[in-house]
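Just so we're clear, the structure is a prediction, and the values are computed from it rather than from any experiment. Remember, it's 1-based here, ligands and their atoms both numbered in the order they're listed.
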Amino acid sequence: MNYSKRHFCGQLTADHVARTVQLCGWVDAYRDHGGLLFIHLRDRSGIVQIVFTPETTPAAICRESAMLRAEYCIAVSGEVKNRLAGTENPHIETGRLEVVVHDMEILAEAEPLPFAISDKSMVAGAETTGKEAVSEELRLQYRYLDIRRPAMHHNLLLRHRIFQCVRRFLDERGFVEVETPVLTMSTPEGARDYLVPSRVHQGSFYALPQSPQLFKQLLMIGGVERYFQMARCFRDEDLRPNRQPEFTQLDLEASFIDEEFLYKMIEELTVKMFTLGGITLPRPFPRMTYAEAMDATGSDRPDLRFGLRFVDVTDLFVNTDYAIFRQILQRGGCIKGINIKGQSDKLSKNVLQNEYAKEIAPSFGAKGMTWMRAENDRLESNIVQYFSEAELAGLKKRFAVADGDVLIMVADPSYAIVTSALGQLRLHLAHRLGLIPANSFHPVWVTEFPLFEATEEGGVTSSHHPFTAPDRTDFDPKNIEELLALRSRAYDLVVNGEELGGGSIRINNRDLQRKIFAALGLTEEETKEKFGFFLRAFDFGAPPHGGLALGMDRTVSMILQTPSIREVIAFPKNRSAACPLTGAPSKVKREQLAELGLLNLGGKAILPGSAAKENLLDRVSWVSRIGVNAEERPLLEDILRQSRELAAAVETLAVDEEPIRSPAPAAHRLRPGTEAQRSPFAASGQLFKNAPAVKGDYFKVATILE
Ligand code: ASP
């Protein structure tokens, strides 16, 4: 078969009729009509039906074709024909054609499959196949087969197109794609690091980047001005359904820009990416400050696909006789509520009281929930009798109540509890009542986040990361109240209640950056140790800069509307951060650990060989840093046994002679009159070319004895 002459199955059209074509691909499905064999042949472009018929196909090929099974990899040549009227298949693009085979080569056989790959019916009018539920674990274990499924194939293709679109878009705007290290030092993004032990510098570790944050800022200091990267990031976080320990970000940074530059450009790019999935995003993207988002939806990731915005009614109850509200307001609390318009037939008293007030609201952290239903121009509930007419009238007006509406309210001394509980109730009700329209997409920029959050220890931590610029610089880094009141120049892009990405305008002033580290409670030494190299760069004319990162797995998954981000990642980890295909993470050999100096980190573990039952060979292997594999063991154990016998035999010999002593202790001396000189080989680096690690004029060797 001459592959260069190959046609693609899915690209055959009426123009090819009567032509001989060569095809290769996989047997998607087959149907044997006693002597007449129909096969769906699938390649990366799609499917075409091929036919083996005794009239046209040579007898030997017909015989061989009887061996074909699903997913055999074959090459065929044959003539393209129109199908007979009535036998066309509307399920496939090439459903009006078929290829009558003249020749075939089986390129590779396939065993029976762990799950069906074909999802197209061969019979016109029949249901499509491949709908049975296959466990995700099995799909991931045989991911290479799963990827053969057209749906997965399509996801990977669209992901590629979206990435291409990003690259083109940014290239046109002067952004340069630069790769930053993967073996690096810790970048603070609020997660745990994945660490990689260094063999050469034992006891030291690289960290995999949580993001390229420090490097992209250094690139700005390096004058690159506009950088981007499809960056792989690693975060060892607690498992959540739609998280991956490694994920891909579109990471970008630009100098001499402000927030508006990024809002405009990222809006344009996001619109372009969504268009590839056939989605038109409404423009311009609205903006909400963090405070507005919390006030109206109880979330810094507001889902704007539906209403149910919060209404504040605190002021209506300042003089209330209703004891619960009165006490809450006396403690500085607030009352907020939602009007669920026209849903009273779906939210009975029983549902509101026994499900929402008693179970659901408390599970979201609220101590209680007040509900009312509007009927016959009146508000009804189990507690309306405690409210004055004026209060009830106030509620009706504030919530613009009509018959059939349902009000729910949450009151609490803590603003955070009110907004968080009501925010979760808002989402719960929207899902339950089907208020979220399908195929609607609502982007929003959330801005002016608090710079810091309080920690349990009474200090502060960065809400975003420590390099984000604050809204003002004249604060006292020791005044926690003042720190918690600072806003940041950070922004998040949120679509349908999901954060697609975020970033900030950065600090480009060394003293301000130091002040932020001080506010975070880092001492001078700690700052120097962790970020000394970074701060040093700010001594050399750091330009004003800012940027952002978009989670590409999430973005692609949203565009393709897949149930999880794993559907748009070729080889994802499962929900417990493991890879069912390769078995990673996996155990390593003791020798590997020894080589990396990981057997006795911190000096607390028992040294191999020091425990009573330790094997002498292991001990020798450890001390000499020479790994011994299973095949070598018997021979080496024998050699060791012989040496021990020999040693024992020597001990039994009576030896009276004095041991030989060294005549004088060894020392380096220079001949009088000569000057110490550096070898030119040392100066050129030649001398240490093969040294495992060099420090000054010395090269380091592994410690032999601990
Ligand atoms: N490095 C940030 C992150 O990964 C994004 C940014 O600030 O540009 O979330």
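Tyr415 and Asp295 share a donor-acceptor pair across their side chains, judged by distance under 3.5 Å alone.
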Are any protein N/O atoms closer than 3.5 Å to the N/O atoms of ligand 1? If there are, list each pair with names and the distance to one decimal place.
unit_1   : atom_1 : unit_2 : atom_2 : d
ligand 1 : 1 (N)  : Glu189 : OE2    : 2.6
ligand 1 : 1 (N)  : Ser211 : OG     : 3.3
ligand 1 : 1 (N)  : Gln213 : OE1    : 2.7
ligand 1 : 4 (O)  : Arg235 : NH2    : 2.9
ligand 1 : 4 (O)  : Gln249 : NE2    : 3.2
ligand 1 : 7 (O)  : Gln213 : OE1    : 3.3
ligand 1 : 7 (O)  : His464 : NE2    : 3.4
ligand 1 : 7 (O)  : His465 : NE2    : 2.9
ligand 1 : 7 (O)  : Arg506 : NH1    : 2.8
ligand 1 : 7 (O)  : Arg506 : NH2    : 3.3
ligand 1 : 8 (O)  : Lys216 : NZ     : 2.7
ligand 1 : 8 (O)  : Arg506 : NH2    : 2.7

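Remark: the backbone N or O of Asn574 is not paired with any side-chain donor or acceptor of Arg566 at under 3.5 angstrom.
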| task | Go through Ser211 and Glu189 one step at a time and tell me if the side chain to side chain donor-acceptor pair (under 3.5 Å) criterion holds. | result | CA-CA 7 Å; Ser211 83; Glu189 295 281 359; 2.5 Å; yes
| said: Test ring pair (Phe, Tyr, Trp, His ring centres under 6.0 Å) on Phe175 and Tyr227; report intermediate values, then the result. | reply: CA-CA 5 Å; Phe175 281 79; Tyr227 140 93; 8.6 Å; no
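Figure legend: Arg173 and Phe169 shown as a cation-pi pair, the cationic atom lying under 6.0 angstrom from the six-membered ring centre and within 45 degrees of its axis.
A heavy-atom distance below 4.5 Å is not found between the side chains of Val311 and Ile338.
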